[in-house]
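Read through the structure below, which is laid out as structure tokens, and then see the notes.
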Amino acid sequence: MSELKNIMRIEGGVPLNGTIKAQGAKNAALPVMAACLLLKGGSLTLDNVPDLYDINTMKELLKSLGVNVKDLGANKVMLDVPENISHEAPESLVRKMRASSLVLGPLLARCGKAVMPLPGGCSIGSRPIDLHLKGLVQMGAKIEIKSGVVYAKADKLRGRRIYLDFPSVGATENLMMAAALAHGETIIENIAREPEIDNLADVLMSMGVPIDLEGTGCVRIKGIDEVHSGSDKVIPDRIEICTYILAAIMTGGQVTINNIIPDHIDAILAKLEEAGAKFKVNKDSIILTPVKRLHAVSFRTMPFPGFPTDAQSPMAAALSIAKGTSLIEENLFQARFLYTQELNKMGANIDIKGDTAIINGVESLHGADVKATDLRAGAALIIAGLAAQGVTQVSDMVHVWRGYEAIDAKLKSLGARVELLD
Ligand code: UD1
């Protein structure tokens, strides 16, 4: 993992040039790692696990529960799970990362009980886990929340039909893992359709769980008594891919990105095409060619296959120098526009009205000292800095290390002038 330095200094104005390979998806790796907790003796071997701060937090969390985490090199990880593990997730790790709540479903299903502090909100908005808990209760769990800690119990969860009030990614994942060891069949309706869900289904199937992911917002899972050792590969990170696509476009660069799954980034490519970007998509790669300037486009963030909220801020950075006025409506996280104040320090002209960002495209950005307010905000500021005239310093890089593997080295390999400072 790159040294966790806190500032990235960027000399902007250099078109990116060259070829990079996408990392494994953070948001796919986290749930599939948590799935190892279903094992009572056995291992889960995962390929293409990205080397990230959040992944390290999940490794620490699994270790704290008794899992033996073995790094096999080349982004391969083996999770060895003994017969007996702890059912109590430590507060210090759960508070570090919201996705820690993904251990709740598998721990409860496998140990018959689980104790987990509530992960709380984060800088992009309040993020409750009520849908996760409601589904588990419907499966027969008894849940109490005392002083911000969830105490869940169920001798044996029961499969049943569950309708999710919202297609939450995390709730879908937690309930799928819980259903793997429940008695009978669980049918979850109105599930998230993000590609990360298919990845989790593949991993659970590799562990012997019969799953029918119908592709229509519904999944059927036949609970079994015991899962067996499994293995799989983490899918490419669609948000990292979009970030580099936008960096290439903003700097007027010629960049090829390998190891992509084009279907996963359809919504973004459609918007970029509408904005006048030029690219060629192959089976598992994309080649960006330079265009002078994008035109304004408008969109709203939605669950998959809609435009992903995680690509909202990098896209806003690109539209800040497009011709005309773009509107972005954020529908998932209420505080996801904090970064626009930072972009405005670089000369962007963005107004926020409620859930909508009004981006009046300017001719160019200039360098400034700015602060990453969250993971994707940090990425947006970095790509803005790459396109800006002069020097930008992005501080609070700690957020960026949560989701971008070796972003400094990757950008350097494309000719960017970036360095990390303490
Ligand atoms: C996952 C992703 C995150 C992405 C998000 C939406 C991971 C580790 N993180 O987060 O990067 O931005 O999907 O694509 O995969 N909600 C509730 N109650 C719940 C659960 C969710 O009200 O019990 C709300 C949330 O506050 C939010 C919306 O539903 O407004 C979407 O959340 P969800 O789909 O659950 O996202 P995460 O799984 O947290």
Side-chain angles (χ1 to χ4, degrees), residues 24-35 49-50 52-58 61 94 96-105 116 118-138 143 145 150 152 162-178 188 190-200 217 234-235 237-240 242-243 264-265 267-268 300-315 329-337 339 355 374-380 399-400 402-404:
K26 167 179 89 70
N27 288 351
L30 292 169
V32 301
M33 289 170 78
V49 177
L52 302 169
Y53 191 70
D54 273 7
I55 298 296
N56 279 352
T57 303
M58 181 56 87
L61 179 55
V94 176
K96 242 185 183 176
M97 177 178 73
R98 192 189 139 76
S100 303
S101 56
L102 291 168
V103 301
L104 180 64
M116 194 199 70
L118 282 170
C122 65
S123 63
I124 59 173
S126 80
R127 297 174 76 177
I129 58 163
D130 54 309
L131 301 173
H132 307 222
L133 302 182
K134 184 174 166 190
L136 293 172
V137 168
Q138 286 176 312
I143 293 188
I145 301 177
V150 178
I162 295 171
Y163 173 82
L164 288 181
D165 296 326
F166 180 85
S168 152
V169 175
T172 303
E173 293 165 344
N174 238 332
L175 296 176
M176 282 171 69
M177 290 187 273
I188 316 173
N190 197 31
I191 57 165
R193 291 156 71 187
E194 271 68 4
E196 292 75 24
I197 303 294
D198 297 70
N199 206 168
L200 176 61
V234 174
I235 56 173
D237 195 313
R238 60 200 169 98
I239 307 300
E240 193 220 19
C242 290
T243 306
H264 293 178
I265 54 171
I268 293 143
R300 52 179 59 132
T301 60
M302 298 206 294
F304 192 84
F307 195 99
T309 174
D310 288 349
Q312 182 253 99
S313 17
M315 185 71 170
E329 186 182 308
E330 172 57 52
N331 286 312
L332 280 97
F333 296 111
Q334 73 270 42
R336 213 163 197 180
F337 284 136
Y339 69 92
D355 295 338
D374 68 64
L375 163 58
R376 306 301 168 187
H399 293 293
V400 176
R402 291 185 39 223
Y404 291 87

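Atoms within each ligand, like the ligands themselves, are counted from 1 in listed order. Quick caveat, the model's predicted, so the values are computed rather than measured.
Below 3.5 Å of separation, one finds no N or O of Glu173 facing any N or O of ligand 1. Below 3.5 Å of separation, one finds an N or O of Asp310 facing an N or O of ligand 1. For Ala99, no nitrogen or oxygen atom sits less than 3.5 Å from a nitrogen or oxygen atom of ligand 1, counting backbone and side chain alike. Distances between N or O atoms of Val169 and those of ligand 1 include at least one value under 3.5 Å. Inclusion of Leu131 in the set of residues having an N or O under 3.5 Å from an N or O of ligand 1 is warranted. For a threshold of 3.5 Å applied to N or O pairs, the pair formed by Arg98 and ligand 1 contains at least one separation below that value. Looking at Leu332 next to ligand 1, an N or O pair under 3.5 Å apart turns up.
Arg336 counts as a contact of ligand 1, since one of its heavy atoms falls under 4.0 Å from the ligand. At least one heavy atom of Pro128 sits closer than 4.0 Å to an atom of ligand 1.
Residues Lys134 and Asp165 are paired through a salt bridge, judged by an N-O separation under 4.0 Å between the basic side chain and the carboxylate.
In this structure the side chain of Pro167 never reaches within 4.5 angstrom of the side chain of Thr172, judged on heavy atoms. In this structure the side chain of Val49 never reaches within 4.5 angstrom of the side chain of Val32, judged on heavy atoms.
For the pair Asp355 (side chain) and Asn331 (backbone), a donor-acceptor distance under 3.5 Å is absent. Formation of a donor-acceptor pair under 3.5 Å by the Asn190 side chain with backbone atoms of Leu164 is found in this model. Side-chain atoms of Glu330 come within 3.5 Å of backbone N or O of Leu332 as a donor-acceptor pair.
Taking the side chain to side chain contact (heavy atoms under 4.5 Å, CB included) definition, one finds that Ala28 meets it with Ala25, Glu196, Asn199, Val234, Ile235, sequence neighbours left out. Qualifying side chain to side chain contact (heavy atoms under 4.5 Å, CB included) partners for Leu375, counting only residues two or more places apart in sequence or in other chains: Lys26, Arg402, Tyr404.
Here is the list of ligand 1 atoms found below 4.0 Å of a heavy atom in Gly170: 35 (O), 38 (O). Ligand 1 places these atoms under 4.0 Å from at least one heavy atom of Phe166: 28 (C), 29 (O), 31 (C).
Counting heavy atoms under 4.0 Å from ligand 1, residue Phe304 does not touch it at all. Of all the heavy atoms of Ala171, none lies under 4.0 Å from any atom of ligand 1, so neither backbone nor side chain is involved.
Closest heavy-atom approach to atom 6 (C) of ligand 1 among the candidates Thr301, Thr309, Asn331: Thr309.
Rounding to the nearest 0.5 Å gives a distance of 10.5 Å between CD of Glu194 and NE2 of His264.
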